[in-house]
A.B. asks: 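Below: one structure in structure tokens.
Residues: numbered from 1 along the sequence shown. This is a predicted model, so every value here is computed, not measured.
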Amino acid sequence: MTPRVSRYRAAVSAGAKGGQWQRALALLDEMRRAGVAPDVISFTAAIQACAAAQQPSSALQIFEEASQAFEPS
């Protein structure tokens, strides 16, 4: 794990815990734009943020992205 992944992961998790689901998703997008691949924990935190905010369609979208990212080759 690179330090960049852990920093982004912490920020996504903080957004999720703080009830800021939109911020958590924005950080997930920012990770990708920066060339940092989100890890399982980052995806999970974003999904949990969406679920807590009653945003099922966003949670499902992130779940599908995570499923594709970790699909066996």
A.B. asks: Identify the heavy atoms of A37 and V5 that sit nearest to each other, and give their distance.
C.D. replies: O-CG2, 4.2 Å

A.B. asks: What is the distance from atom CG of L28 to atom OH of Y8, rounded to the nearest 0.5 Å?
C.D. replies: 11.0 Å

A.B. asks: Supply the atom-to-atom distance L27 CG to Q20 CD, rounded to the nearest 0.5 angstrom.
C.D. replies: 9.5 Å

A.B. asks: Atom CZ in F43, atom CZ in F63: separation rounded to 0.5 Å?
C.D. replies: 11.5 Å

A.B. asks: Give the minimum heavy-atom separation between F70 and P38, together with the two atoms involved.
C.D. replies: CZ-O, 3.7 Å

A.B. asks: Are any of the side-chain heavy atoms of Q61 and Q55 separated by less than 4.5 Å?
C.D. replies: no

A.B. asks: First locate atom CG of L60, then atom OG of S67, and finally report the distance between them rounded to the nearest 0.5 Å.
C.D. replies: 9.0 Å

A.B. asks: Roughly how far, to the nearest 0.5 Å, is the OG atom of S58 from the CD1 atom of I47?
C.D. replies: 11.0 Å

A.B. asks: Identify the two heavy atoms, one from G15 and one from A24, that lie closest to each other, and give their separation to 0.1 Å.
C.D. replies: C-CB, 4.4 Å

A.B. asks: Nearest 0.5 angstrom please: M31 CE to R4 CZ, how far?
C.D. replies: 9.0 Å

